[in-house]
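Let me begin by presenting the structure, written as structure tokens, before commenting on it.
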Amino acid sequence: MRWEDRSCVLESGSTYLDVKKAFGWKNDVLMVGEGDEARELRAQLTGSCSVVPLTFDDERARWALRHTAAHILAQAVKRLRPEAKLAIGPAIEDGFYYDFDVPTPFTPEDLEKIEAEMKKIVSENLPVVREEIDRESARKLFRDMDEPYKEELLEELPEGEPISLYRQGEFVDLCRGPHAVSTGMVKAFKLLSVAGAYWRGDEKLPMLQRIYGTAFVKQEDLKAHLDRLEEIKKRDHRRLGKELDLFSIQEEGGPGLVYWHPKGALIREIIENFWREEHRKKGYDIVYSPHIAKLELWKTSGHWNWYKDNMYSPMAVEEVEYLLKPMNCPFHILMFKNATRSYRDLPMRMGELGTVYRFERSGVLHGALRVRGFTQDDAHLFCTPEQLEDEIVGVLDLTQYMLGVFGYSEYYCMLSVRDPEDKAKYAGDDSVWEMGEAALAAALKRKNLEYKIDLGEAKFYGPAIDIKIKDALGRLWQGPTIQVDFNLPERFDISYIGEDGAKHRPVMIHRTVLGSMERFVAGLVEHYAGAFPLWLSPTQVAVIPVSEKQAEYALKVTEALKERGFRVDCDLGAEKMGYKIRQAQLQKVPYMLIVGAREAENGTVSVRHRSLGDLGSFALEEFMARAGEEARAKALLPLMGRSEKE
RNA sequence: GCCAGCGUAGCUCAGUGGUAGAGCAGCGGUUUCGUAAACCGCAGGCCAUGGGUUCGAAUCCCUUCGCUGGCUCCA
């Protein structure tokens with residue numbers, strides 16, 4: 001065995017535990033890396049080779065530890081509620097869960113008791129031992145134990161693969177592994193929540209009780225993780241949306257419908273103006289379309305067939321049935337169709353901030369992120385098949401630029417394609433799907449963007465690029481999507497006249513950059529933790545007089561700022577200055593201008609930034625020039641640092 | 001939609017069978033203040049909703065609505 005420049009000789013039948021001992025590795029070693037493989041410590045050596053110790057930092061070791069934590073959870077539940085039937089219990093991103101079928105659901109108090117029992121199991125430091133058995137004995141074992149879900153899982157294991165069990169003390173589970181050596185390794189863990197979850201994620205199957213938890217080797221890592229959860233809570237757009245008075249959802253008006261308050265509406269307006277500007281630069285025509293249309297139109301488009309579950313019931317208008325739009329595409333197609341189009345008109349890029357309404361089941365609504373009425377930054381590009389790839393690249397360019405302005409610089413691209421098992425869910429024949437997928441893939445390649453293939457994620461009318469953006473906390477959000485569609489042009493029989501004078505069928509791209517205004521702004525709130533960069537801040541500057549005596553000067557400063565296009569609040573209330581600063585700070589106003597006798601005399605302002613604090617005094621003109629530049633440049637960070645001045 | 005939890009003043013929350021409370025916000029005063037909360041007073045609630053149990057319900061039980069965490073589904 002070799003490790004770095006050291007080596008040791010071990011007898012055959014030794015395990016990686018012996019390797020660990022031989023090299024004197026510390027106790028935080030969870031697994032051993034051997035080439036590309038990660039081995040659990042109790043595994044037998046496969047031969048002579050070079051190895052590396054794997055600790056919690058290694059993803060595989062982390063998953064093994066959390067998987068062991070899941071087993072400890074199951075063991076604790078079995079001790080406290082022997083009648084519980086075990087389903088599955090995997091490690092997941094940031095933690096683990098285990099699903100149980102229990103006659104009465106778990107309560108939060110149960111969670112505490114289970115956690116206490118788990119602590120006991122950890123302190124018992126039970127060895128976690130792998131065992132391989134044949135199918136028949138496994139079948140008998142789980143039948144005797146009365147674990148029907150395990151039996152079901154067992155039957156699905158492919159023939160010929162070894163069937164493995166893991167035992168710790170009295171507990172045994174059907175499991176592929178790998179695991180930590182003993183329950184004692186799971187030093188820091190916490191159960192986080194209980195939730196219902198369908199067996200196999202199928203709502204027709206029984207609902208099980210799922211317990212979520214997380215586990216670490218070190219207590220401080222657990223604490224850091226819990227702090228992060230706190231931070232996520234603090235940034236929650238629902239909380240900040242209320243605190244900053246950006247938007248609300250009114251019970252009297254109905255769930256999933258967003259009310260944009262003046263400050264939120266202002267942010268949205270600024271973003272929309274930016275959006276229009278950038279789209280015009282890129283050769284888009286901006287349009288408006290109605291909110292309802294005849295049922296017949298939705299039959300033609302195929303929505304009535306493929307998208308019915310997400311649409312609201314028809315309403316009768318003079319005995320003709322109309323539907324509220326869940327998408328903008330049919331309207332844009334009608335506008336395309338309204339004139340004879342020449343190849344010279346293509347590509348045609350039709351953009352709209354279009355408000356659509358979709359039925360979402362009550363349980364899925366979530367703040368402004370998942371709602372029933374929302375405004376998409378939608379566009380439909382009509383082009384020739386030859387132009388398709390270039391157009392996709394153009395959309396990717398626009399996307400990258402716009403996201404960058406908001407500070408989203410990392411993203412993951414997914415190529416969403418049909419589920420080959422379930423072609424009935426999609427419209428159109430194989431050849432057009434293949435053409436679409438090829439164009440999307442080629443565009444991604446040209447942009448040097450790495451991507452993963454996402455089976456079954458395509459829309460009903462075509463394949464798509466779905467881009468996930470990473471926010472300030474490293475969380476992924478559904479961002480831009482670009483969909484190729486050969487199907488709707490066919491259904492609406494749209495055409496353009498080619499160079500040859502004959503009719504040809506254009507290709508269509510559906511695309512959105514921001515997604516929806518509701519979701520995008522909610523995402524931004526969390527991304528910025530409510531502290532919008534200057535160009536987006538509803539209030540950019542708060543003018544705060546030191547005392548009433550400077551009210552006149554404060555108003556003069558305010559007027560000057562307004563004149564220069566700043567969004568300003570002047571706080572002339574009877575409160576003390578400290579109070580006003582606090583209010584502005586809590587509202588996350590970027591700049592506070594404190595004006596007292598000194599400033600009034602010299603025509604200056606004392607500048608305080610919400611995150612940099614007191615920046616000293618500036619001539620009003622200088623402040624306006626620099627803050628103006630910061631806003632104009634859409635800077636993500638303040639341009640007025642103290643260091644620069646001194 | 002399903003499972004669980006929750007719903008008390010504009011907001012954040014106390015109150016678990018015996019007369020509805022606090023802080024902040026609001027309003028009225030006093031204070032004119034130098035970088036994150038001045039002081040005094042006033043007002044504010046059909047305890048989400050409808051029903052039941054009880055001498056008596058914010059509190060216990062059921063209904064409906066909404067919210068939260070998940071499952072399933074999505075911009």
Side-chain angles (χ1 to χ4, degrees), chain A residues 97 99 102 104-108 110-111 192-212 233 236 238-239 242-243 245 248-256 307 309-310 326-328 354-356 358-378 457 459 466 477-481 510-520 522-523 544-551 572-587 592-599 606-610 613-617:
Chain A
Y97 68 81
D99 286 348
V102 280
T104 51
F106 299 107
T107 63
D110 287 332
L111 232 58
L192 296 171
S193 61
V194 219
Y198 301 106
W199 169 235
R200 295 171 175 283
D202 185 335
E203 54 190 320
K204 289 179 223 58
L205 297 176
M207 177 156 279
L208 309 173
Q209 294 298 314
R210 174 172 299 178
I211 298 179
Y212 282 94
K233 251 195 193 160
D236 193 307
R238 290 164 299 183
R239 176 182 174 146
K242 201 181 273 178
E243 285 173 9
D245 198 15
S248 63
I249 290 167
Q250 302 287 337
E251 184 167 347
E252 286 162 284
Y307 207 68
D309 289 349
N310 286 288
M327 291 190 196
N328 303 301
T355 304
V356 297
R358 297 183 186 173
F359 170 70
E360 299 283 357
R361 296 156 102 194
S362 57
V364 308
L365 301 174
H366 182 92
L369 283 176
R370 188 75 186 273
V371 293
R372 287 181 172 158
F374 55 94
T375 301
Q376 289 183 300
D377 69 307
D378 208 359
E457 289 301 304
K459 311 291 169 264
D466 287 308
W477 298 72
Q478 176 56 54
T481 142
H510 309 239
R511 45 108 283 179
T512 152
V513 175
L514 307 177
S516 75
M517 298 315 296
E518 287 73 8
R519 184 175 282 183
F520 189 74
I544 299 174
V546 172
S547 85
E548 224 166 60
K549 295 184 188 115
Q550 290 82 42
L572 292 178
E575 301 291 345
K576 286 176 72 171
M577 183 191 72
Y579 177 88
K580 296 176 183 174
I581 290 174
R582 181 180 155 80
Q583 293 310 309
Q585 194 76 43
L586 291 175
Q587 285 299 303
M592 289 155 258
L593 299 186
I594 284 92
V595 293
R598 288 199 296 275
E599 288 76 15
S606 176
V607 179
R608 179 190 165 92
H609 185 266
R610 66 178 170 211
D614 189 356
L615 298 175
S617 79

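By convention in this document, chain letters (A, B, ...) are assigned in the order of the sequence lines, proteins followed by strands, and residues within each chain are numbered from 1.
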Using a cut-off of 4.0 Å on non-hydrogen atoms, how would the nucleic acid contact of A/Ala195 be classed: base, sugar-phosphate, or nothing? base
Could you check whether A/Arg582 pairs with A/Glu575 (Lys NZ or Arg NE/NH1/NH2 to Asp/Glu carboxylate O, under 4.0 Å)? no
Side-chain N or O of A/Lys242 less than 4.0 angstrom from OP1 or OP2 on B/U12? yes
Across the strands shown, which category fits A/Gln209 at heavy-atom distances under 4.0 angstrom: base, sugar-phosphate, nothing? sugar-phosphate
Which one, B/C2, B/A75, B/A36, comes nearest to the side chain of A/Val371? B/A75
Side chain to side chain contact (heavy atoms under 4.5 Å, CB included) between A/Glu243 and A/Leu586, intermediate numbers included: CA-CA 9 Å; A/Glu243 285 173 9; A/Leu586 291 175; over 6 Å; no
If you look at every strand shown and take non-hydrogen atoms under 4.0 Å, does A/Ala584 touch a base, only sugar-phosphate, or nothing? nothing
Candidate pair A/Gln209 and A/Val194, rule side chain to side chain contact (heavy atoms under 4.5 Å, CB included), full reasoning: CA-CA 7 Å; A/Gln209 294 298 314; A/Val194 219; 4.2 Å; yes
Name the pairing partner of B/C65, where a pair is Watson-Crick or G-U wobble with both distances under 3.5 Å, or state none. B/G7
Can you tell me, in whole Å, how much space there is between the P of B/C61 and that of B/A4? 14 Å
How far, in whole Å, is B/G7 from B/C47 if one measures between their C1' atoms? 10 Å
Could you write out each protein N or O paired with an N or O of nucleotides 61-67 of chain B at a distance under 3.5 Å?
unit_1: B/G66; atom_1: O4'; unit_2: A/Glu251; atom_2: OE2; d: 3.3

Look at all strands and tell whether A/Tyr198 reaches a base, only sugar-phosphate, or nothing, counting heavy atoms closer than 4.0 Å. base
Pick base, sugar-phosphate or nothing for A/Arg361, based on heavy-atom distances below 4.0 Å to the nucleic acid. base
N-O pairing of A/Arg238 and A/Asp236 below 4.0 Å: yes
Taking atom P of B/C33 as reference, at what distance in whole Å does atom CD of A/Gln550 sit? 8 Å
Decide yes or no on salt bridge (Lys or Arg N to Asp or Glu O under 4.0 Å) for A/Asp614 and A/Arg608, but give the supporting numbers first. CA-CA 4 Å; A/Asp614 189 356; A/Arg608 179 190 165 92; over 6 Å; no
Rounding to an integer number of angstrom, what distance separates B/C60 and B/G17 when you compare their P atoms? 8 Å
Check whether any side-chain nitrogen or oxygen of A/His366 sits under 4.0 Å from OP1 or OP2 of B/G69, and answer yes or no. yes
Across the strands shown, which category fits A/Gln478 at heavy-atom distances under 4.0 angstrom: base, sugar-phosphate, nothing? sugar-phosphate
Separation of B/U30 C1' from A/Lys576 NZ (nearest whole Å): 14 Å
The test is side chain to side chain contact (heavy atoms under 4.5 Å, CB included); show your working for A/Ile544 and A/Leu593 and say whether it passes. CA-CA 6 Å; A/Ile544 299 174; A/Leu593 299 186; over 6 Å; no
Using the rule given for side chain to side chain contact (heavy atoms under 4.5 Å, CB included), can you reason through A/Met517 versus A/Leu514, listing the C-alpha separation, both sets of side-chain angles and the distance that settles it, and then say yes or no? CA-CA 7 Å; A/Met517 298 315 296; A/Leu514 307 177; 4.3 Å; yes
For B/G15 versus B/A22, give the span between their P atoms, rounded off to a whole number of Å. 15 Å
With a non-hydrogen cut-off below 4.0 angstrom, is A/Gly196 in contact with a base, only sugar-phosphate, or nothing? base
Under 3.5 Å, is there an N or O donor on one side and an acceptor on the other linking the side chain of A/Glu203 and the base of B/U72? no
What does A/Gly363 touch in the nucleic acid at a heavy-atom separation under 4.0 angstrom: a base, only the sugar-phosphate, or nothing? base
Would you indicate, yes or no, if B/C71 has its OP1 or OP2 atom less than 4.0 angstrom from a side-chain nitrogen or oxygen of A/Arg200? no
Spacing of the P atoms in B/U16 and B/C6 (rounded, Å): 15 Å
May I ask you to verify if any side-chain N or O of A/Tyr212 is less than 4.0 angstrom from the OP1 or OP2 atom of B/C3? no
Do the side-chain N or O atoms of A/Lys580 get closer than 4.0 angstrom to the phosphate oxygens (OP1, OP2) of B/U35? no
Write down the distance separating the C1' atoms in B/C3 and B/C46, rounded off to the nearest Å. 32 Å
The Watson-Crick or G-U wobble partner of B/A43, with both key distances under 3.5 Å, is none
Please report the distance, rounded to the nearest Å, between CG in A/Leu208 and P in B/U72. 12 Å
Should B/U35 form a Watson-Crick or G-U wobble pair with both distances under 3.5 Å, which nucleotide is its partner? none
Quiz item: A/Glu599 side-chain donor-acceptor pair to B/G34 base, under 3.5 Å: yes
A/Lys459 vs B/A75: side-chain N/O to OP1/OP2 distance below 4.0 Å: yes
